[in-house]
Each structure stands twice: as structure tokens, then as C-alpha cells.
Amino acid sequence: MSKQIIHSDQAPAAIGAYSQAVRAGNTVYLSGQIPLDPASMEMVAGGFAEQAHQVFKNLRAVCEAAGGSLNDIVKLNAYLTDLSDFAVFNQVMAEYFAQPYPARAAVGVAALPRGALVEAEAVLVLA
């Protein structure tokens, strides 16, 4: 099976040895997105909610570059440096997804790249 590399200028460029996403068949594996502004490659201003919004905007850009949308995501993994932000994460996520929601995991972590408070990765299935 061949793989296709997905890239969007509307999402932050990779800050390591990875692609924004890789398509294999009709499945797209989206790398983790942190709340970097794609134009400046700097963390967005504000707190957890602002960071979560930027993460979903970045994921949406990569989904669209792959020919899909956030609603094509079947699995989402979220990483939070403080699980007390879990309720806010749920509220922000509900603004970007329609029911039925994807399967999801939320994991508390000690730290994320560039001091981010949240990161999310996903698996997208295209029709």
C-alpha cells in the first residue's frame, strides 16, 4: 500500500521529524497539533481555552488538506498538562464537532512541546 503525505500551510509546519498527516488507503493519520499559530509559529495568546481552539483549528486545516473535515475523524487522542481543564476541553471540542462524536482518549501528561497546555492527534477516515 502506498502512502501519501498531507500538508497544509494553514496549519503549523512540523517542528520535528514528522509529517502533518499521512494517508494510507482511505485512512488519514493526523500528527499531534499544539496551539501554534501557523503564520507566526508562536503559541497563541491566552489560556487553556484559547489553546484548545487553536488545536482544533490546526486539526481542521489538516483534515481539509486531506479532503475531509473534522466530522470525518473517528478517533481523537487529547493530551492535557492539567486534567482539571478536561471540562473546558469538552466545551471547546463541542464547538468543532457534530454528533456522533469520535471515539476519544484524554491523557494527563507532565509536559508538551513549547510549553503547550494541550495537544491532540486524530485518525480520519475518508469515504
Side-chain angles (χ1 to χ4, degrees):
M1 173 181 299
S2 66
K3 62 182 179 180
Q4 174 189 0
I5 303 304
I6 307 297
H7 174 78
S8 171
D9 291 334
Q10 302 303 307
I15 58 173
Y18 62 90
S19 300
Q20 289 175 333
V22 176
R23 180 176 179 170
N26 67 340
T27 304
V28 181
Y29 301 90
L30 285 78
S31 291
Q33 287 290 331
I34 60 174
L36 293 176
D37 177 296
S40 68
M41 289 300 291
E42 298 294 328
M43 296 290 289
V44 296
F48 182 85
E50 291 81 8
Q51 288 197 16
H53 278 286
Q54 189 64 48
V55 164
F56 286 118
K57 289 174 187 175
N58 293 344
L59 285 173
R60 179 173 58 203
V62 179
C63 288
E64 290 171 355
S69 73
L70 288 174
N71 287 322
D72 296 313
I73 290 176
V74 296
K75 178 70 165 93
L76 181 78
N77 294 327
Y79 307 95
L80 288 71
T81 59
D82 186 345
L83 285 176
S84 70
D85 290 321
F86 184 72
V88 175
F89 184 81
N90 282 331
Q91 291 170 344
V92 173
M93 183 176 166
E95 295 181 37
Y96 291 88
F97 289 83
Q99 291 189 23
Y101 298 122
R104 187 185 80 186
V107 180
V109 296
L112 289 167
R114 304 242 180 129
L117 302 175
V118 59
E119 178 175 357
E121 64 175 335
V123 177
L124 171 79
V125 176
L126 301 171

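The chain is numbered in sequence order, starting from 1.
When atom types are taken as modelled, the side chain of Q51 and the backbone of L117 share a donor-acceptor pair closer than 3.5 angstrom. With hydrogens and angles disregarded, no donor-acceptor distance shorter than 3.5 Å links the side chain of D85 to the backbone of V88. Of the possible polar contacts, one joining the S31 side chain to the S19 backbone as a donor-acceptor pair under 3.5 Å is found. Under the 3.5 Å distance criterion, the side-chain polar atoms of E121 are left unmatched by any main-chain donor or acceptor of A78.
Rounding to the nearest 0.5 angstrom, the gap separating the CG atom in L76 from the CG atom in L59 is 7.0 Å. Rounding to the nearest 0.5 Å places CZ of F86 at 9.5 Å from CE of M93. Separation of atoms CG (L80) and CZ (F48) is listed at 4.0 Å; rounding is to 0.5 Å. R114 contributes atom CZ, which lies 12.0 Å from atom CD of E119 (distance to the nearest 0.5 angstrom). A distance of 5.0 Å separates OH of Y96 from NZ of K57, quoted to the nearest 0.5 Å. One finds the CG atom of N58 at 8.0 Å from the CG atom of D37 (value rounded to the nearest 0.5 Å).
Here the shortest heavy-atom pairing between V55 and A120 reads CG1-CB, 3.7 Å. For the residue pair A116 and T81, the shortest heavy atom distance occurs at O-CG2, 3.5 Å. The minimum heavy-atom distance linking Q20 with H7 is given by the pair OE1-CA, 3.0 Å.
Residue V44 shares its hydrophobic cluster (ILVMFWY side chains chained together at separations under 4.5 Å) with no other residue.
No path of Ile, Leu, Val, Met, Phe, Trp and Tyr side chains, each step under 4.5 Å between heavy atoms, connects L70 with V125, placing them in separate hydrophobic clusters. Residues L112 and V92 do not share a hydrophobic cluster, defined by chaining ILVMFWY side chains whose heavy atoms lie under 4.5 Å apart. Placement of V74 and V28 in two distinct hydrophobic clusters is found when ILVMFWY residues are connected by side-chain heavy-atom separations under 4.5 Å, directly or transitively. V118 and I15 fall into different hydrophobic clusters, where Ile, Leu, Val, Met, Phe, Trp and Tyr are joined by side-chain heavy atoms under 4.5 Å apart, directly or via other members.
Residue pairs satisfying the ring-ring contact (aromatic ring centres under 6.0 Å, His included) criterion with at least one member in residues 105-127, sequence neighbours excluded, are absent.
Residues I73 and C63 have side chains in contact (heavy-atom distance under 4.5 Å, counting atoms from C-beta outward). Two residues are said to be in side-chain contact when any heavy atoms from C-beta on lie closer than 4.5 Å; T27 and V123 meet this criterion. At least one side-chain heavy atom of P35 sits less than 4.5 Å from a side-chain heavy atom of M43.
Using a 3.5 Å distance cut-off with no hydrogens or angles, the side chains of N71 and S69 do not pair a donor with an acceptor.
Between P12 and the choices I34, V62, L36, the side chain to side chain contact (heavy atoms under 4.5 Å, CB included) rule is met once, by L36.
Under the 30°/60° scheme for interplanar angles, the aromatic rings of F97 and F56 are found to stand perpendicular.
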